[in-house]
Amino acid sequence: MSSGRPFYITTPIYYVNDRPHVGSCYTTIVADCIARFMRLAGRDVFFLTGTDEHGQKVEKSAAEKGKSPQELADENARHFREAFEFIGSTHDDFIRTTEDRHEKQVQEVLKALIASGDIYLGEFEGWYDEGQEEYVTENQARERDYTAFNGKPLVKATEQNYYFRLTKYWDRVRKLIEENETFVRPAGKRSEVLGRLKDEARDVPVSRTNFSWGIPVPGDEQHVTYVWIDALMNYMTALGKIDEGFGGVGGSRQKYWDGSGEVVHLIGKEILWFHAVIWPALIMALEDAGRDDLKLPTTVYAHSFWIREGKKMSKTLGNFIDLETIHAYCDRYGLDAFRWYMLTQGPLSATDADFAYEHFVEVYNADLANGFGNAHSRVTNMIAKYFGGEVPLQEENADLGVDWPATIAQKTAEAVSAMGAVDVAGALKAGLEVSNAVDLFINETAPFRLAKDEANLPRVGTILYQCAEALRIAAVLMRPAMPDAMDAALERLGSPIRDGQTLQDLTRWGLLRPGTSVEKGDALFPRADAKDPEPSGVKTGA
RNA sequence: GGCCCCGUAGCUCAGCGGUUAGAGCAGACGACUCAUAAUCGUUUGGUCCUCGGUUCGAAUCCGAGCGGGGCUACCA
């Protein structure tokens with residue numbers, strides 16, 4: 001479809017034992033915004049999301065509900081699909097770890113790594129909680145004073161497990177991260193990983209025998225593999241990178257991860273270790289096993305978490321921003337405004353961000369209602385009032401104090417460069433600054449005053465042409481965040497985006513044709529009042 | 001316990017050795033009236049957590065303390 005350089009962006013695959021909430025929606029919205037921006041910038045984008053469906057927790061809760069694990073997975077995978085459809089995600093595929101295409105390729109990986117010796121059968125010893133039927137980590141065990149959930153002491157237990165020889169790749173991974181500043185981002189997270197890589201290396205178990213809801217280890221089927229290999233491999237299996245025969249897409253996706261473009265994994269900080277260390281080690285192990293066609297990702301970007309009105313979200317506080325709350329916000333302010341808040345105020349840095357109602361209203365009013373929305377409204381209104389709703393002509397050589405082509409070129413460059421550095425808020429701010437510049441320009445040139453004398457109409461027309469054209473471009477720059485609202489804004493400016501138009505085409509000053517009919521319409525973002533009670537979701541019970 | 005980060009205006013944060021410490025939002029005042037009581041301008045506001053040290057000079061470097069937070073790998 002696009003002939004640009006490939007750009008592959010992924011979200012984590014979400015665990016089907018949970019319901020979608022702000023966390024999963026946030027990551028997906030960020031990935032979506034980047035994907036949309038890159039497509040607009042002419043890149044050949046592939047955007048992947050999906051669900052992680054294996055493991056003991058799914059097996060257990062399915063049993064409790066009297067369902068098969070697959071039924072439960074199907075149900076909850078549907079919830080994620082629906083949630084992501086709701087938030088406007090434009091992912092190109094949705095992979096599920098229980099799909100044949102995935103399982104077959106994971107088994108090939110297991111076979112290859114067992115053959116090369118990087119996966120071996122070893123003995124696992126750990127603290128076992130007999131009541132919960134699960135192992136607890138050394139740290140958890142210590143925190144709990146070596147007592148099980150039911151109060152009885154934890155016991156040391158051993159079992160046979162397959163291990164991945166992470167120790168063999170430890171130094172290589174450390175070198176990779178040390179020498180490549182942007183492999184792990186943001187910088188604070190990179191240091192955290194490097195810090196831990198100074199500790200002693202250890203292999204990681206990659207199979208279990210105490211449950212069966214997973215991918216059987218070829219040749220030793222009482223073992224199932226889960227997490228590290230199962231989940232991480234989704235990024236490759238969805239493209240058919242391990243075996244095109246099971247990828248089933250006729251080789252069309254190979255280019256997204258062949259070294260010619262970028263591969264960006266967007267994740268939450270809780271799974272950084274696996275993505276920053278185990279994942280590249282696995283890829284190196286596959287290389288060593290003869291798969292030198294496989295490449296490392298370009299960047300693993302770990303964002304932080306949303307907190308709620310200054311407090312952590314937790315089950316005990318019941319203060320999760322769940323799907324119902326998200327729906328309630330979108331009902332009142334629109335999906336686009338919700339996305340704008342997520343994207344411009346979100347925890348993309350190493351610190352958590354606060355989701356607070358008053359803050360939401362503040363940002364909504366400042367950026368959208370009083371900002372872009374009002375600027376759009378005053379410009380379209382004046383064009384209607386003074387020029388019958390048709391974009392006026394510019395005078396020859398009209399220098400009105402703002403070098404718009406230069407301003408636009410600069411803001412566009414800023415947006416492109418920020419987005420390339422995964423600074424989504426920075427990229428969007430560039431668009432908003434264009435609309436702020438229009439407000440300032442109107443105040444300084446005062447077309448409404450000039451319009452009182454008909455002799456000034458050519459000048460008024462020139463001013464309003466420049467305003468409308470700048471707003472058109474601002475809308476283009478903000479569209480990856482707010483597709484529907486910006487499409488509406490562009491529609492009213494008589495300038496809808498046509499298929500195939502790229503950022504380069506669309507940000508060219510002068511594209512707007514005089515004579516184009518312009519429509520004011522209702523407020524794009526009606527002003528919000530913080531005195532209204534916070535939108536809250538009614539639980540649907542389903 | 002170990003490793004690491006942060007504490008700067010009411011709020012969110014930038015500045016990380018050198019002129020009178022900045023931005024956005026909120027507040028106050030003024031201008032304007034095309035616009036969603038919107039916009040534009042001016043402006044109020046800070047012992048830069050505390051104490052001690054290094055330095056001609058520290059928010060910025062070092063030490064101690066107080067306060068907050070992260071990571072600690074076999075949980076998906």
Side-chain angles (χ1 to χ4, degrees), chain A residues 12-18 52-59 97 124-126 134-140 142-143 161 163-164 166 187-189 191-208 213-214 226-228 230-231 269-274 276-278 304-305 307 310 312 344-345 349-354 356 358-359 361-363 365-386 429 432 436 438-444 446-452 460 463-464 467 520 522-528 530:
Chain A
I13 45 175
Y14 302 101
Y15 199 46
V16 288
N17 206 41
D18 301 320
D52 181 9
E53 309 191 352
H54 290 125
Q56 191 174 29
K57 284 186 184 169
V58 174
E59 189 177 82
T97 55
F124 173 76
E125 185 190 41
E134 64 185 19
Y135 284 91
V136 301
T137 69
E138 184 60 40
N139 291 296
Q140 284 174 333
R142 196 185 322 116
E143 276 167 27
N161 281 139
Y163 276 80
F164 170 55
L166 180 59
K189 292 288 152 192
S191 339
E192 244 173 59
V193 173
L194 281 174
R196 281 177 63 185
L197 280 167
K198 285 184 191 130
D199 295 345
E200 195 193 341
R202 274 206 239 172
D203 288 343
V204 292
V206 294
S207 79
R208 275 291 150 86
W213 183 237
Y226 66 112
V227 230
W228 327 132
D230 182 11
K269 62 180 176 181
E270 81 282 12
I271 49 175
L272 177 59
W273 179 256
F274 314 120
V277 177
I278 298 177
S304 302
F305 295 150
I307 57 173
K312 271 191 188 178
T344 60
Q345 308 299 317
S349 74
T351 40
D352 294 345
D354 195 10
E358 274 188 37
H359 187 222
V361 171
E362 223 169 77
V363 170
N365 279 338
D367 293 353
L368 303 181
N370 304 346
F372 181 84
N374 185 244
H376 189 277
S377 171
R378 55 200 303 214
V379 169
T380 48
N381 185 64
M382 282 190 277
I383 291 177
K385 206 161 168 177
Y386 309 138
K429 202 175 122 223
L432 188 63
N436 291 343
V438 169
D439 272 330
L440 179 55
F441 182 65
I442 294 173
N443 281 46
E444 288 189 342
F448 43 85
R449 195 181 307 146
L450 295 174
K452 285 173 182 155
V460 174
I463 293 168
L464 291 180
C467 289
K520 186 182 175 201
D522 297 335
L524 287 164
F525 303 102
R527 191 158 208 285

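Throughout, a chain's letter reflects where its sequence line sits, starting with A, and its residues are numbered from 1. Source: prediction; values computed, not measured.
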Toward the 5' end of RNA chain B, by each residue's nearest nucleotide, A/K452 or A/L524: A/K452
Examine [N]: is either OP1 or OP2 under 4.0 Å from a nitrogen or oxygen in the side chain of [X]? Give yes or no.
X      : N     : answer
A/R196 : B/U72 : yes
A/K520 : B/U36 : yes
A/N381 : B/C34 : no

Donor-acceptor pair (no angle test) under 3.5 Å: A/N443 side chain, B/U39 base: yes
Nucleotide B/G69, atom P - distance to NZ of A/K269 in whole Å: 12 Å
Is [X] touching bases, backbone alone, or none of the nucleic acid, heavy atoms closer than 4.0 Å?
X      : answer
A/S377 : base
A/I271 : base
A/N374 : base
A/H359 : nothing
A/E200 : base
A/G373 : base
A/P447 : nothing

Considering only atom [atom1], compute the distance from [N] to [M] and round it to an integer number of Å.
N     : M     : atom1 : result
B/G41 : B/C61 : C1'   : 41 Å
B/C71 : B/A26 : P     : 34 Å
B/G46 : B/U12 : C1'   : 16 Å
B/G52 : B/G57 : P     : 16 Å
B/G27 : B/G15 : P     : 27 Å

Residue pair A/V363 / A/T344: nearest heavy atoms and the distance that separates them: CG1-OG1, 4.3 Å
A/A231 versus A/I13, closest heavy-atom pair with distance: O-CD1, 3.6 Å
A/F525, nearest nucleotide to its side chain (from B/G70, B/U33, B/U36): B/U36
Shortest side-chain distance from A/T351, nucleotide among B/A38, B/C13, B/C34: B/C13
Pair partner, B/C29 [Watson-Crick or wobble, under 3.5 Å]: B/G41
